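Read through the structure below, which is laid out as structure tokens, and then see the notes.
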Amino acid sequence: MIELVDIAYVRSGTADLRAAVKFATDIVGMELVKEEEGIAYLRVDHRHHCLAFVEGRSGVLSSGFVLRDMAALDAAEAELREIGLKVRRGTEAGARSRHVRDYLTFEDPAGNRVDLVVGQVRLTAPVKFSRPAGITEFGHICFDAPDVYAAGQFWTEHFNIKVSDWVTGGACLMRFDPVHHKLAVFQGDRPGLCHINFQVESIDDVMRSWHFLEEHGVEIEQGPGRHPQSTAIFLYFKGPEGLTYEYSYGVRQIAEDEDWTPRWFDPEEPGAIDMWLGPKARVSTQYQVPSDLDDDWEGLPRKQDLAETGPARATEASEVTAPVGAGAQTT
């Protein structure tokens with residue numbers, strides 16, 4: 001059994017690093033920690049970063065989860081290899097790029113690339129948010145998979161994960177701590193990142209951001225609304241290159257000793273997705289970048305990609321000049 005401690009980050013490939021960073025800072029409100037060697041690191045809480053944009057091919061590269069120690073990493077590698085998954089132990093360059101002590105990368109049965117990391121760097125300085133969105137923490141990660149039931153079976157069989165709720169045929173919502181879900185899998189025809197979530201301090205923050213996003217021409221994909229499964233008030237919106245962001249407030253907590261039975265929600269029934277009966281919508285997915293080369297597994301800028309896009313120099317958030325609202329375009 002592989003025991004996850006927390007979520008770590010998302011690594012997303014981008015063909016336009018300036019636009020991706022501009023949206024994440026000026027629109028989402030994240031802090032740009034630094035940008036070097038074609039990678040921009042952004043944070044919203046104690047983690048060194050929870051989102052890294054890697055210059056090159058557009059698409060999600062990997063999503064990370066934290067393990068307790070090196071022994072847990074070694075045991076996870078052995079178990080994943082035993083069940084026949086593609087597994088690569090991380091390189092020194094890859095660990096430096098991820099700001100972790102060590103890691104491994106594997107592909108789940110649906111083809112989603114996952115990093116298991118040890119020793120993620122923690123920052124003690126307060127977050128310098130780019131705008132007052134009210135973000136309190138990196139909330140959860142959501143993958144796509146063609147069969148959500150098979151995905152749920154994989155994650156609960158091999159990890160310390162429990163199913164919190166099901167959306168029939170559409171989603172499996174899972175937890176490994178009291179939060180209703182830190183990992184979700186939605187039905188989709190290809191592996192990818194359905195969305196990245198940030199928790200905010202109040203319902204007022206959700207509503208203020210809704211108005212802010214509309215004023216800046218950002219495409220609202222769903223919400224504001226309230227999910228009956230987690231009770232969270234949500235707002236989904238589209239960033240550049242198909243990366244969907246979510247703000248949410250008021251997520252349900254399930255205590256370890258609580259006698260919880262997963263519930264089933266029929267998406268065709270009124271209120272099954274949104275208790276406020278808003279329009280039903282399927283948010284966009286940023287698809288997984290295929291691993292056609294060995295170095296793709298490191299998730300680093302490739303020389304041929306940088307030759308096409310041009311290498312990014314080290315820069316600060318104030319120097320990024322892509323237009324505000326770039327994410328309003330559907331890619």
Side-chain angles (χ1 to χ4, degrees), residues 1-14 17 33-43 46-57 59-123 138 141 143 154-155 158-161 176 182-183 191-193 196 286 288-306 312:
M1 180 71 68
I2 301 169
E3 294 197 3
L4 304 180
V5 175
D6 206 349
I7 52 177
Y9 54 69
V10 167
R11 292 174 70 84
S12 175
T14 175
L17 188 63
V33 178
K34 66 177 180 178
E35 184 181 325
E36 62 182 9
E37 299 179 349
I39 305 177
Y41 300 94
L42 299 113
R43 67 184 288 228
H46 64 274
R47 298 167 178 85
H48 176 274
H49 67 278
C50 62
L51 178 60
F53 287 120
V54 180
E55 193 170 31
R57 292 189 295 176
V60 63
L61 299 171
S62 65
S63 300
F65 295 85
V66 179
L67 301 185
R68 188 169 303 280
D69 52 30
M70 295 296 292
L73 187 64
D74 292 340
E77 180 178 11
E79 179 166 347
L80 294 169
R81 290 188 186 281
E82 185 177 349
I83 62 177
L85 295 182
K86 295 171 62 178
V87 183
R88 301 281 179 86
R89 193 64 179 247
T91 64
E92 289 186 9
R96 286 195 302 271
S97 173
R98 288 160 172 77
H99 290 265
V100 300
R101 180 185 175 193
D102 200 357
Y103 73 103
L104 65 79
T105 302
F106 73 94
E107 285 189 352
D108 74 7
N112 291 294
R113 202 164 305 131
V114 178
D115 293 344
L116 300 180
V117 311
V118 172
Q120 184 179 28
V121 170
R122 183 185 184 99
L123 299 182
F138 177 27
I141 295 170
F143 296 146
F154 167 74
W155 286 102
H158 299 289
F159 294 80
N160 61 325
I161 281 179
F176 53 83
K182 284 284 183 72
L183 171 64
L193 185 75
I196 179 173
Q286 185 174 78
Q288 178 77 54
V289 172
S291 56
D292 53 0
L293 296 172
D294 286 345
D295 59 2
D296 286 341
W297 283 68
E298 285 191 321
L300 301 175
R302 301 192 307 171
K303 291 180 179 179
Q304 58 265 50
D305 292 333
L306 292 179

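By convention here, the first residue in the shown sequence is residue 1. Please read all numbers here as calculations on a predicted model, not as lab measurements.
Annotation: side chain to side chain donor-acceptor pair (under 3.5 Å) contacts of R11 (sequence neighbours excluded): S97. The side chain to side chain donor-acceptor pair (under 3.5 Å) search around E79 returns H158, not counting sequence neighbours. Taking R101 as the reference, nothing meets the side chain to side chain donor-acceptor pair (under 3.5 Å) condition, with sequence neighbours excluded. The side chain to side chain donor-acceptor pair (under 3.5 Å) test applied to N160 returns no partner, not counting sequence neighbours. Legend: residues meeting side-chain contact (heavy atoms from CB on, under 4.5 Å) with A93, ordered by chain and number and at least two apart, are T91, R96, E298, L300.
Remark: K86 NZ to D108 CG distance equals 11.5 Å, nearest 0.5 Å. In this structure, CG in L123 is found 11.5 Å from CZ in R47, a value given to the nearest 0.5 Å. The NE2 atom of H49 sits 12.0 Å away from the CZ atom of R43 when rounded to the nearest 0.5 Å. The structure places OG1 of T105 at 5.0 Å from CZ of R98, a figure rounded to the nearest 0.5 Å. Interatomic distance, L104 CG to R88 CZ, rounded to the nearest 0.5 Å: 12.0 Å. Between the CZ atom in F159 and the CE atom in M1 there is a gap of 10.0 Å [rounded to 0.5 Å].
The shortest non-hydrogen separation linking K34 to H99 is NZ-CE1, 3.3 Å. Across every non-hydrogen atom of Q286 and S12, the tightest pair is OE1-OG, 2.6 Å. Taking each heavy atom of P301 and G38 in turn, the nearest pair found is CG-O, 3.8 Å. Taking every heavy atom of both residues into account, L116 and A76 meet most closely at CD1-CB, 3.9 Å.
For the pair F176/K182, a side-chain contact is recorded, criterion being any heavy-atom separation below 4.5 Å from C-beta on. Side-chain contact between L183 and L4 is absent, with no heavy atoms from C-beta onward closer than 4.5 Å. Within the 4.5 Å cutoff, no side-chain heavy atoms of Q120 are placed close to those of D6. Side chains of L42 and F53 form a contact here, defined as non-hydrogen atoms less than 4.5 Å apart. Side-chain atoms of L73 and R89, non-hydrogen and from C-beta on, do get closer than 4.5 Å to each other. Between I83 and F106, the closest side-chain pair of non-hydrogen atoms is not below 4.5 Å.
Ring geometry for H48 versus Y41: interplanar angle over 60°, hence perpendicular rather than tilted (30 to 60°).
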Step-by-step side-chain contact (heavy atoms from CB on, under 4.5 Å) determination, L51 to F138: CA-CA 9 Å; L51 178 60; F138 177 27; over 6 Å; no
Report all side-chain donor-acceptor pairs from residues 61-72 shorter than 3.5 Å, counting only partners two or more places apart or in another chain.
unit_1 : atom_1 : unit_2 : atom_2 : d
S62    : OG     : D115   : OD2    : 2.9
D69    : OD1    : A71    : N      : 3.3
D69    : OD1    : A72    : N      : 2.9

